Structure formats: C-alpha cells, structure tokens
There are 2 protein chains.
Amino acid sequence: MKMDERKQKVLMAVVQDFIATAEPVGSRTIAKKYRLGVSPATIRNEMADLEEQGYIEQPHTSAGRIPSQLGYRYYVDYLMQKKELSAEQEELIRRQFEKKVRDVGEVIQKAGQLLSHLTQYASIIISPQLGAGSFKHIQLILMRPSQAMVIVVMDNGSLHHRYIEVPESITTADMETISGVLNAKLQGLTIESIKVTLLKEIYFELARHKHILDLALELLHDLMLKKEDKIYLGGVFNMLNQPEFHNIEKVKTLLSIIEQEDLLRELLTNQGSGEGVTVRIGDEIKHREIRECSMITAPYSICGRQAGSIGVLGPTRMEYAKVVSIVESMTRNLSRAMERMILGPGK
Amino acid sequence: MKMDERKQKVLMAVVQDFIATAEPVGSRTIAKKYRLGVSPATIRNEMADLEEQGYIEQPHTSAGRIPSQLGYRYYVDYLMQKKELSAEQEELIRRQFEKKVRDVGEVIQKAGQLLSHLTQYASIIISPQLGAGSFKHIQLILMRPSQAMVIVVMDNGSLHHRYIEVPESITTADMETISGVLNAKLQGLTIESIKVTLLKEIYFELARHKHILDLALELLHDLMLKKEDKIYLGGVFNMLNQPEFHNIEKVKTLLSIIEQEDLLRELLTNQGSGEGVTVRIGDEIKHREIRECSMITAPYSICGRQAGSIGVLGPTRMEYAKVVSIVESMTRNLSRAMERMILGPGK
DNA sequence: GTTAGCACTCTATGTTGCTGAGTGCTAATG
DNA sequence: CATTAGCACTCAGCAACATAGAGTGCTAAC
C-alpha cells in the first residue's frame, strides 16, 4: 500500500476530477488542471502503475481513467481532506434546528430534507430507538361499552397505546381502579424488571379484571419486542440528476431498494465501527443491488446513548469530503435538538 | 358529442389497444384485431373524423392514432365497462384486510402496498381526518422536574400529546389535581363547544397553575387547527415499468412531485364529486407538472363520515376499467377495516 | 527520470439510404 | 351512397458507413 507522493497526487486528481465531472480523466487534463509540474507523459506512466495496482481503471482503450472502488477507498482513508462547511451551510443547519417543532418525527423529517438538500443525494434517517425505559404512567380509558384504550408513557418520553376489548360490564370507575393499581405497582420499573411475584400481587388485587389485565400487560410485553423505529427518506429524486442514473434500469433497482424499509433499516443499523462517520463504498455495502452506490452513515445519540442513525446514499462517485462533513455536523445538531426536545429546553 | 356506434367502436379499439400496447394504433390493426366487419379503409375514414372531433391524434404523419385526453374522457364516461376483479384478486384483498394490525397507520400502509401491487401504478393514501371529536380523557404527567407531558384522548380514538415546561415546584400530585379538574370539566365536550365561562371556571379553580393551564389548553387549541393526516405512498417504482417513463426527465418531474407531500395532499383532497370514484385525466389534474398522468381517487369513510381518500397515480394510458374496480373494492374494504379497528370487532 | 513525438485505438457523432408501417386520396364496386 | 381496393406519399427507425477527437503506449531524445 505504500505509494510515493506523486502517485498519491495523481490518484487524488483522478478521483477529484471524476467526482466533479463524471467523465474519465486523461493525463492531459491532470497535467493542466492539477499543476503537478510534470508532463502528461509522466502522468501516463504513473497512471499505468496505478492501474496495475488496482486503484484506477480504464473503461476502454482510448478513454481516461476512473477510480476503482479500491481507489475511492484509498482516497477516503488517506487523501481526502475534510471540507469545512460554508458559512451559509452552517447557517442553514443552525436555523433549521432552531425552529420550533412538535415531535420527534418532525425534527427528523426536517433534518432529512435538509440533509438531502445539502448533499444533493438521498437521505435516510432512522428514528430513535430509545430502548424501553421504565414506566412513568399507565392509563386505561373506556372509550365506549366494551372497548377501551391502554396508554403507556415511558420515562424516556415515548408514548404507546392500544385498543382492547373489555367486558360490557366494565365501567369507567373500574378503569380508574385498574389504572391506579397498575400505576402504583409498576411505576419506575423497567419492563425487564417486572417480577412474577409482582404480577401475582397485581392479579390478586384485581382478580375480577383478569381478562383486562391480560390485554393490558400484553401491550407491555409487546413493547419489549416492538421495533419502534421508523425510516425517513428524502431527496431520492436528487439522485436522478447524477449521470449514473440516466439509465432507467439503474433507477429501477435503486427505487425498488428504497421502497424496502427493512433493507434500509438493515443498511443503516449494521454500521461498521458503530461510532463516528462510516463510509461504505460500492460492494462494501453488502447488498449486491446497490453496488455502484456508496453510503455515508453516522449514529446520533441522545444523552450519550446511541439512539438512531442518519445516512446519505449516493453514487460511488460521491463528494465524500463534503458529505462527510455535512453528516458529521448534522448528527451533532440532531442529537442536540433531540435532547432539547426530550429533556426540555432547560439544558 | 353524438357519435354513431361504429365510431364508438373504433374509438374504443384505439383506446384499448393503446392502453395495452403503448403503440399508436393503425387502421389495419383495428380491422384485424377488433373485427368490426369493415375494411381498414373505412376505419381510416372514421379515424379521420374522430381526429377532427378531437378524440384521437396522430403523433406524426406515418403513425397510427393515439387517444387524446378527450378520447380517454369519452372512453371513461361512456364506453368503458367495469372489469370485475378476478377471484384471485378478491381473495388477496380479503386476506389482506383480515390480518391483525395494531394501528391505523399499519392498515393504511398495507392497503397502499396492496393497491400498488394490484394496479401496478403508484398508490397514495391519506390517513383519516377524524375531525376533532370530543374529549374523552386528559392527562398531565410530570416526566421530570420542570418537564411534563400533556396527553389528550378524543372519543374518536385519536391520541395527541405534547411536551410542556412547568415550574420546578410542581409535583406529581399537582398534575393529578389539574388532570382531575380538566377531565371533570371538559369530558364529553368538543373543542368548539368550550365556553369562555367554562374556561374561567377552570382558571379559577386552578388559579395557582395558570401557566400550566395555558400550555395545556394551547395543545387543545392546536388540535383544532392541526392537520392530522399523513400521506402514504407506495409502488412508485412500478411506474418505471411503464414505457412513458423511460425518459429520465419525466421520471424526475414525477419524483419531484411525489416528494411534495403538500401537493399530494391537495391532489387527494380536492376531489371532484366528493363521493365515489373520481377519474381525472391529464390536465384535469390541475397541476401542470403531472400532465400525462391520470389519477383515480375515492374517499373512504368511517361510520358514514368521510375520513380520508385513496388514490392511484398512473400514466394517462392507464387501465381505467381495471383500476376503477380495484379502487372501489379497496375503499369498501378499507372503510370496513377501519371501522372494525376503531369500534372494536364486535360490530 | 522525464518528455516530445507519433502511430494506434476506440467511442461518439454525424450522414446517408433503406425499409416498412401507416396514411389520404381516387376511382371502382355493390 | 357508403364501402373498399389500389396507389402514391410520408416519415420514424434502423443499419451501415465515415469522420473526428480524445487518449493511450511506445520509442527515442534530452
């Protein structure tokens, strides 16, 4: 993997120029635009070497070179220098996150829009998985004879509900009783920490309402298993501006992938390092349908706990330097916005 | 608008054949395939007439004819005969709606997937706008010092929440008191019917907590204005199989439209008749970006009250007969499923 | 080691000509 | 008088061909 400085410069030129123009890059272009102080012929020699080592390739004999996946990887790992966001972009992000929003979904939606706007690629964001947390409040409400609603509020601010069927004889007062007992017994506990003995106690106290308890506790049980996450997607049509998607077939595969939520979730969840920005190039994304795409993802956290991830999906010919900075900045801001929302603006 | 029978048959042949093949239809084709018992020459004469009257057009001199918007309109209004769903399709729908689902969002999501699967076009569904309804339950919960959550349950089963800031001095007991008073005073009322005198009463009783009341009542107020609806979209990539979208530019406009939720909402809400299936062809959809598309929409209802709409978006060359039947059946089933979910399976 | 020069390769683009589908018109037909 | 056969005409689409130009690799000179 050792590479003398000039080779690095040539590789860098190839990658940067190809990212900018989407056209194979020739030796003349590099000599002229990137002022390496040597002639095209020399560059041709270097390029021949680089090709041999697998960093660049030639689409056909009389064309310039384009970076291979290996080439992009080398660029991202060793050559690329982070591009600071412009003041304008910083401002845009800052103002976006200052806006008043009502719920987590809205924050994320807006963040996604901004992310795809700034990068001009598709954005994918996964909403926070807060973990179940502990019970804050449980409420049963009789909606009409024989139908009720169970509401559970967790201390992390998440809210869950379910409709259940109850015997016709049940009254609003019964509901209050049940809610009262459940609240008293369960408050502050996490789902995992509910003991059988405690359950027995509850069933004993509310023996008359065994049926309702079963249903209510079923909701609690589901909470443990439930994937609360949602996938937010934006700016897919940006991708169509990229020349690599002028071919309909590619657009079709792209779209069919993008409509599969489960796949997106997997792509966003199985991140490499688990911390900081991850760049995956082409095949490094394990799904063969999206070779020719790269993903830049990063987890965001709430109060130090990893909560969800944001990501950008674009062609392998992606503006890595720019996107990495944007993703970084967005995670920071998003984390902050979430914390403010959940903990209150005090801190 | 009078048209003799043979002309109608010719027009019908042109429309049907073009819908099936996406190729301009010639006189020979019609004579051969549609057995009108006359020669191509006669059909040519009829076609010339139809063109003069604006029902069909010729892309270029040496090509067959394609239906104009007017032609499609005539076809939909007078010629098309509804195509019954196949047993298989019926079965698919029935089974889909039998599945157990947890919430309204899930029903809709599944319905959208099915709709786009059956039609092979894009599906758009707007979630129920139930109207505000009347209060069933209001609950304030202290999440941590100085932060609380307001939960409001309406009698139509909808659930709303908001985080608010409260003075540090507030205790859980205070919250219970406030909840209690609000419940007692507001239960059963609609938002509109809250009188100033009643508010005064509440403020009087809870004078100490004026600040919290303000915030809680703000949520109630927002409920009146709030658009609760969500847009669900599916099967966009089906559209790419249609030859009219082999052109990237068109795909791009299509996608950029589809990413604008507000626009979709408008398209789905401003329906013509307001009842039953509406077919809008090309320019009849008022947005110039989607000329060359048609929409088939229908409202679904819950307990007789119109709740939301479902729609199919496809090229003007759409299989109207088929899609109309599918949309009809889907609204029926969706309405039923929603009612079952909200009222409980009893009825 | 670097570079100028040159022959070579191959894509992209433009030109031309042909084919075939489809038309409109005219004159013949029942 | 509506219908139809026949025919000349039009034009998109395709294939065959020629051309231009970008870029290469090699060789020989610096």
Side-chain angles (χ1 to χ4, degrees), chain A residues 2-11 13-18 20-68 71 243-244 246-247, chain B residues 2-11 13-18 20-68 71 243-244 246-247:
Chain A
K2 56 193 111 179
M3 206 188 279
D4 65 51
E5 201 179 333
R6 196 171 62 191
K7 268 202 184 52
Q8 290 196 341
K9 278 191 181 158
V10 171
L11 176 56
V14 171
V15 174
Q16 285 182 350
D17 208 75
F18 185 67
T21 65
E23 301 282 313
V25 192
S27 53
R28 268 176 58 91
T29 317
I30 292 182
K32 234 189 294 176
K33 270 212 240 172
Y34 294 82
R35 333 202 124 280
L36 302 196
V38 291
S39 76
T42 311
I43 294 178
R44 279 205 285 285
N45 288 329
E46 298 287 23
M47 284 167 104
D49 289 354
L50 283 169
E51 179 160 11
E52 213 169 308
Q53 294 169 57
Y55 292 109
I56 58 181
E57 24 191 69
Q58 217 174 355
H60 57 262
T61 343
S62 73
R65 305 301 212 290
I66 62 177
S68 68
E244 24 272 280
H246 275 22
N247 171 338
Chain B
K2 56 193 109 178
M3 208 189 277
D4 65 51
E5 200 179 333
R6 196 172 61 193
K7 268 201 184 50
Q8 291 197 340
K9 277 189 182 160
V10 172
L11 176 56
V14 171
V15 174
Q16 286 182 349
D17 208 75
F18 185 68
T21 65
E23 300 282 313
V25 193
S27 52
R28 270 175 57 91
T29 317
I30 293 182
K32 235 190 293 176
K33 270 213 238 170
Y34 294 83
R35 333 202 124 279
L36 304 196
V38 292
S39 78
T42 312
I43 292 178
R44 277 206 287 283
N45 288 328
E46 298 286 24
M47 282 168 106
D49 290 352
L50 282 169
E51 179 160 10
E52 212 170 309
Q53 295 169 58
Y55 293 108
I56 58 182
E57 23 191 71
Q58 216 172 359
H60 58 261
T61 343
S62 73
R65 304 303 211 291
I66 63 177
S68 68
E244 24 272 278
H246 275 21
N247 172 339

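Just so it is clear: chains get the letters A, B, ... in the order the sequence lines come, proteins before strands, and each one is counted from 1. Everything quoted here is computed from the prediction, not taken from an experiment.
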With A:Glu46, the side-chain contact (heavy atoms from CB on, under 4.5 Å) member among A:Met3, A:Glu51, A:Arg6: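 Only one option passes, and that is A:Arg6.
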To the nearest angstrom, how far is [X] atom [atom1] from [N] atom [atom2]?
X	N	atom1	atom2	result
A:His60	C:dT9	NE2	C1'	9 Å
B:Arg6	D:dC1	CZ	P	16 Å
B:Ile56	C:dG22	CD1	P	14 Å
B:Glu23	C:dA21	CD	C1'	11 Å
B:Glu46	D:dT3	CD	C1'	11 Å

Exam field: side chain B:Ser68 to backbone B:Gly54, donor-acceptor pair closer than 3.5 Å: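 Indeed, once roles are kept as given, a pair shorter than 3.5 Å links the two residues.
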B/S/- contact track for nucleotides 22-29 of chain D, protein heavy atom under 4.0 Å: BSBB----
Just distance, no hydrogens or angles: give the donor-acceptor pairs under 3.5 Å from side chains in residues 20-29 of chain A, sequence neighbours left out.
residue : atom : partner : partner atom : Å
A:Thr21 : OG1  : A:Asp17 : O            : 2.9
A:Thr21 : OG1  : A:Glu23 : N            : 3.1
A:Ser27 : OG   : A:Arg44 : NH1          : 3.2

Shortest non-hydrogen separation from A:Leu36 to A:Val10 and the atoms involved: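 For A:Leu36 versus A:Val10, the nearest heavy atoms are CD1-CG2, 3.7 Å.
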Nearest heavy-atom neighbours spanning B:Ala13 and B:Ile30: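 Closest pair (atom of B:Ala13, atom of B:Ile30, distance): CB-CG2, 3.9 Å.
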Close side-chain approach of B:Lys7 to B:Tyr55, heavy-atom, < 4.5 Å: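 Not in contact.
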